[in-house]
Asks: 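Quick one: the structure is below, questions incoming.
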Protein chains: 2
Amino acid sequence: MTIETEVARAAEAGQEILRAQDSWTDLPPTARSIVRSALDSFADRGFNATTLKHIAAGTGLSTAALYVHFGSKDELFFEISRRGHESAFAIVEAASMLSPAQHAFRTLVYTFARWHAEQRTTARVVQYELHALSGKHAETVAGIRRATEQVVRDVITRASGPGAPEDPELRGVSAAILSLGIDVARWFVPGAPYTPDEIGRLYCRLATRLLRPDVF
Amino acid sequence: MTIETEVARAAEAGQEILRAQDSWTDLPPTARSIVRSALDSFADRGFNATTLKHIAAGTGLSTAALYVHFGSKDELFFEISRRGHESAFAIVEAASMLSPAQHAFRTLVYTFARWHAEQRTTARVVQYELHALSGKHAETVAGIRRATEQVVRDVITRASGPGAPEDPELRGVSAAILSLGIDVARWFVPGAPYTPDEIGRLYCRLATRLLRPDVF
DNA sequence: GTCTATATGCCGATAGAC
DNA sequence: GTCTATCGGCATATAGAC
C-alpha cells in the first residue's frame, strides 16, 4: 500500500465528511442573509471594525431591521462563532471514528486542513476573533475548542501506536499538526497556488512525515 | 553527527542572533513607553479595539499628550508594525547567511519559531493586524513580508539539495515551515508547556523530518 | 511637553409610524 | 417586519492655558 493510495482514501473520506456539513439551512431566509453578510465582514475586517452598517449593506436592510432578527451585535457574533466551532468539532469527530487508526489520522488531517481553506471566512472568525467573546459566551466556545483539540490529540496518539516505539515528540507533533491546519485560515485565499483539496492532500503527506518518518 | 548535536548548534546560533536584536533603544524614554503600552494593547485587544485611552493609561499621560510624540493612532501603529516586520526580516536574514546550508536551515527554523514565542506581542501585531494598514503603509509592509518569505524559501531550497533527489514537496514544505513558525504567535502564552527555547528546538527537529525524512 | 476642555463624528441601540 | 429619525455615548483629534 503506497502513501499515495492512502492519501487518496483519506481525501475521499474527508470529502464525504465535509459534504455532510450544512450551513445555516435551518434559519429563515432573512436571518440567513444577515448571517452571511456578518460572517463576511467579521472575517475580513474583524469584529470591532465591522459596523452594523456594513452588515446591513450586505443585505439591503436598514440597521434597525437587524434587531428584529438578532438581539445585538454581540449575540449575532456569538451565534456565528459558536456554530463555527461546532462545525469544526463535528468534522474532526467524524474523522476520528474511522478505522483503522492511521486512516482516521490521515482523514482528520485532510479534513481539518481543507475545512480551514474552504470555509475560510468561518474559520477566520473561529480562530482569530476569540477576543470578541466574553463571559459565558467565551466559556461556551472555550469548551468546544478543548473538546476539538482533545479529539485531535487522541487520534494522533492512537495512530502512532501501539506496535511501534513511542515517539518522544508526540505532544509536539500533535501541537504542530493542529497549528498547521488552523494557520491555513490565515494565509489561504481563493485562487492561491493550492486548491483546498491539494492543501488537504499535502498536509496529509506532511503529517505522515511528522508522525512516523519511517513508515513509508 | 547526531540530530541532537545539530539542534544544539542551531539553538546556540539562534540565541546569538536574537540577542543582537534591540527594541526601540533609539527612541527617547517617553516615546518608548508609549510604544510599549500601545504594543501591548494592540497585541491583546487588536488595533480597532485599542483606544488612545488604553494607550495613555499604560503611560500615565493624557490622551492629548500622545500627539506630541506621534502624529496619529494610524502612524503610531504603522511605526510599530514596520519595525516589527524589519525585526523579523533581520533575524531570518542573519540565519540565512550561515553555512553550511543545513545549519542555516536549522538555525532559521529555531530562530523564527523562538522569536514568535519570545516576542509574542510584536509578532501578533506583525502577523494578525495587517488589516489595520492601508495605502502606502500597507505596501511598505507587504514588501518586507515578501522579502522575508523569499529568504525562508531560498534557505530551504539550498538546504534540500544538491546531492539529494529533489523533493517534489519542496514548495509545500516551505509553506508549512513558515506557517508553523508564524502560528506560534497565536497559541503561545508565557508559562505554556514549552519555553521559547524548547519550541525552537522542537520545530528544528520537526522541520528536519519535513524536509528530509531520510537524513537522520 | 503636559494638562483640561472641547469639537466633531460615528457607533450601537431604541422609538414610533406604517 | 421594515422604515426614518434620533438618543446617548465614546472615539480620535485639536485648542489653548500653564
Side-chain angles (χ1 to χ4, degrees), chain A residues 24-82 125 129-138, chain B residues 24-82 125 129-138:
Chain A
W24 311 104
T25 53
D26 57 314
L27 290 183
T30 308
R32 209 185 318 173
S33 86
I34 291 171
V35 165
R36 285 231 157 269
S37 176
L39 187 52
D40 287 346
S41 190
F42 288 149
D44 68 63
R45 271 185 272 253
F47 175 79
N48 284 286
T50 294
T51 67
L52 295 183
K53 223 170 156 183
H54 288 134
I55 299 173
T59 65
L61 296 169
S62 68
T63 59
L66 302 177
Y67 286 87
V68 175
H69 304 275
F70 293 96
S72 69
K73 189 189 174 191
D74 279 305
E75 283 193 19
L76 172 56
F77 177 79
F78 170 63
E79 193 59 16
I80 289 175
S81 182
R82 187 184 61 80
V125 170
E129 297 295 324
L130 290 172
H131 57 89
L133 298 166
S134 61
K136 212 167 163 39
H137 289 170
Chain B
W24 311 103
T25 52
D26 57 314
L27 290 182
T30 308
R32 209 185 320 172
S33 86
I34 291 172
V35 166
R36 285 229 157 271
S37 175
L39 188 52
D40 287 346
S41 190
F42 288 149
D44 68 63
R45 269 184 273 254
F47 175 79
N48 284 286
T50 294
T51 67
L52 296 183
K53 224 169 157 183
H54 288 135
I55 299 173
T59 65
L61 296 169
S62 67
T63 58
L66 302 177
Y67 285 87
V68 175
H69 304 275
F70 293 96
S72 69
K73 189 190 174 190
D74 278 305
E75 284 194 19
L76 172 56
F77 177 80
F78 170 62
E79 193 60 15
I80 289 175
S81 182
R82 187 184 61 79
V125 170
E129 296 297 323
L130 290 172
H131 57 90
L133 298 165
S134 61
K136 213 168 164 37
H137 289 171

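By convention in this document, chain letters (A, B, ...) are assigned in the order of the sequence lines, proteins followed by strands, and residues within each chain are numbered from 1.
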Asks: Output the distance between atom OG1 (B:T51) and atom NZ (B:K73), rounded to the nearest 0.5 Å.
Replies: 7.5 Å
Asks: How about B:R82: does its CZ atom have over 12 heavy atoms from other parts shown lying under 6.0 Å from it?
Replies: yes
Asks: Of all the heavy-atom pairs spanning B:A38 and B:I80, show the shortest one and how long it is.
Replies: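 Looking at all heavy atoms of both residues, the closest pair is CB-CD1, 3.9 Å.
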Asks: The side chain of B:K73 is closest to which nucleotide in this list: D:dC3, D:dG1, D:dA13?
Replies: D:dA13
Asks: Between B:H131 and A:R45, what is the shortest heavy-atom contact and its length?
Replies: ND1-O, 3.9 Å
Asks: Between N or O atoms, less than 3.5 Å apart, protein on one side and nucleotides 16-18 of chain C on the other: list the pairs.
Replies:
none

Asks: Would you say a side-chain N or O of B:S62 is under 4.0 Å from OP1 or OP2 of C:dC3?
Replies: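 The answer is yes; a side-chain N or O of B:S62 sits under 4.0 Å from OP1 or OP2.
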Asks: Would you say the side-chain atoms of A:T50 pair up with the backbone N or O of A:S41, donor to acceptor, closer than 3.5 Å?
Replies: yes
Asks: Measure the OG-OH distance between B:S62 and B:Y67 for me, rounded to the nearest 0.5 Å.
Replies: 11.0 Å
Asks: If I take atom CD1 from residue A:I55 and atom OG from residue A:S33, how far apart are they, to the nearest 0.5 angstrom?
Replies: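 If we round to the nearest 0.5 Å, A:I55:CD1 and A:S33:OG are 11.0 Å apart.
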Asks: Any donor and acceptor pair, going by atom type alone, linking the side chain of A:S37 with main-chain N or O of A:I34 inside 3.5 Å?
Replies: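 No: the side chain of A:S37 does not pair with the backbone of A:I34.
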Asks: If I take atom NE2 in residue B:H69 and atom C1' in nucleotide D:dA13, what distance separates them, rounded to the nearest angstrom?
Replies: 16 Å
Asks: Classify the nucleic acid contact of A:G60 as base, sugar-phosphate or nothing, counting any heavy atom under 4.0 Å across all strands shown.
Replies: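 The answer is sugar-phosphate, as A:G60 gets under 4.0 Å only of primed atoms, P, OP1 or OP2.
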Asks: Atom CG of A:D74 and atom P of C:dC11: how far apart are they, to the nearest Å?
Replies: 16 Å
Asks: Going by the angle between their ring planes, with limits at 30° and 60°, are B:F42 and B:F77 parallel, tilted or perpendicular?
Replies: perpendicular
Asks: Can you pull out the residues from residues 38-55 of chain B that lie within a 4.0 Å heavy-atom distance of DNA chain D?
Replies: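 Heavy-atom contacts with DNA chain D come from B:T50, B:T51, B:L52.
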Asks: Figure out the CG/C1' separation between A:L66 and D:dT4, and round it to whole Å.
Replies: 15 Å
Asks: Starting at the 5' end of DNA chain C, which residue's closest nucleotide do you reach first, B:T30 or A:Y67?
Replies: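 Of the two residues, B:T30 wins.
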Asks: What is the distance from CZ of B:F70 to P of D:dA13, rounded to the nearest Å?
Replies: 14 Å
